[in-house]
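See below for the structure under consideration.
First listed ligand is number 1; within each ligand, the first listed atom is number 1. These values consider heavy atoms only, across backbone and side chains, with no hydrogens, waters or symmetry-generated copies.
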Amino acid sequence: MTQREPNRRETLLGLAAVGATACLPGAATADIDSLKARAERKGLLFGCAVTSRELRSEPALREAVLRDCNALVATNEMKWGVIEPARGRRVYAGADWLVDFATEHRLTMRGHTAVWHQNPPLWVPNALREPGGRALLEEHVRAVVGRYRGRIAQWDVVNEAIFHKDRQPGALRNSPFLQAFGEGYIADAFRVAREADPTAKLYYNDFAFESSEVSHEERRRDVLPLLESLRRQNLVDGIGLQAHLQVGDPFDPRRYRRFLSDLADIGLDIMLTEFDVADRRLEADTAARDRKVADYARAYLDVALDESAVKGLLTWGLSDRNTWLNADQWRRKDGVPARPLPYDDAMDRKPLWHAIAGSLDAAPVRKA
Ligand code: 9MR
């Protein structure tokens with residue numbers, strides 16, 4: 001048996017002995033032990049992906065978000081497929097709700113994502129090939145980024161555009177956008193986003209850079225020329241490294257640290273944007289699994305947060321009850337629910353929460 005983590009009430013009671021702030025109204029946001037407080041002491045962002053439904057229907061999640069996060073990203077509600085399921089009728093209810101929530105609670109909001117091959121509405125791929133198809137993509141970027149001008153601090157303008165296995169020039173993914181417009185679609189999307197909100201930091205976001213497997217090594221190599229080119233044109237401000245980790249994947253701290261330095265040398269901000277730790281290869285035993293997930297995360301985060309161009313960490317969900325890793329195509333073979341996030345499904349802190357806390361505490365202070 002490993003020791004049980006203190007729950008929120010116990011933590012607050014513990015805190016009450018140290019600082020009276022924990023007993024005041026608004027204590028949820030004044031918790032000096034929170035991930036938010038730890039991140040802020042280092043000049044970092046910490047947050048998670050959420051949906052408006054989760055925040056509305058899960059009070060304990062809402063409370064944990066307000067206690068631990070100074071940043072939020074929309075899991076799904078800013079994707080094209082959600083915003084414009086039927087051509088010409090844009091629905092912003094969920095996205096508006098999230099931006100209002102972030103504004104009300106002074107959380108840094110991240111927009112996710114304007115251009116992604118996986119999520120255009122069904123009508124889009126054919127429509128892109130019509131005369132004037134390019135304007136459709138640009139109108140979408142202009143509409144969604146422009147709507148939140150000044151309110152969304154960071155945008156994932158283009159998501160997951162490299163995929164060397166598709167054997168296209170520049171290692172680009174053979175997406176409906178590449179097929180319709182060629183490689184220029186990426187720079188164009190950034191250009192439109194820049195015009196639509198000159199105050200937002202514009203990011204290129206992608207996955208599978210973290211391990212020392214050959215395919216990740218190739219992706220680290222492939223993404224640099226794309227970023228250098230966008231940066232030379234002053235179109236991109238940062239890279240989002242999704243950081244969907246999996247325990248058992250080989251990790252080489254030196255090579256990964258070098259990659260982060262290379263990104264920083266291009267002049268990019270770096271965000272870890274979709275952090276979680278898949279436990280698919282681990283035994284079912286909960287305590288052993290949680291410990292291994294936490295240890296793997298700690299080893300990675302200590303390296304990643306050491307680079308001062310890394311401006312923050314966002315987890316892809318806060319509690320195991322909301323992870324994408326329990327969807328049919330990703331779930332564990334033994335059917336046991338995955339535990340990739342800092343809170344369990346009863347909203348108690350897990351060893352992963354403490355690993356994140358430890359890495360935030362160990363991170364160097366960022367200069368303003
Ligand atoms: O977690 C998201 C899941 O709820 C959606 O069904 C899916 C498709 O829109 O997208 C998931 O989030 C993905 C993110 O947008 C981009 N990187 C990979 C994430 C996990 O699949």
* Knowing that exactly one of Lys333, Arg332, Lys292 qualifies, which makes a salt bridge (Lys or Arg N to Asp or Glu O under 4.0 Å) with Asp279? -> Arg332
* **Thr103 side chain vs Val99 backbone, donor-acceptor pair below 3.5 Å** => yes
* Asked: Honestly, is Arg219 close enough over Phe207, meaning NZ or CZ under 6.0 Å from the six-membered ring centre and within 45° of the axis?
  -> yes
* ring pair (Phe, Tyr, Trp, His ring centres under 6.0 Å) contacts in which one or both residues fall within residues 85-105, not counting sequence neighbours -> Trp97-Phe101, Phe101-His105
* To do: Taking side-chain contact (heavy atoms from CB on, under 4.5 Å) as the test, write out the residues that go with Arg321, two or more places apart.
  => Glu58, Ser319, Asp345
* Within the 4.0 Å heavy-atom sphere of ligand 1, strictly under, residues -> Thr75, Asn76, Lys79, His112, Trp116, Asn119, Asn159, Glu160, Gln242, His244, Glu274, Trp316, Trp324
* Asked: Residues sharing Leu314's hydrophobic cluster, by side-chain heavy-atom contacts under 4.5 Å among ILVMFWY, directly or via others?
  -> Leu45, Val73, Tyr203, Met271, Trp316, Trp324, Leu325, Trp330
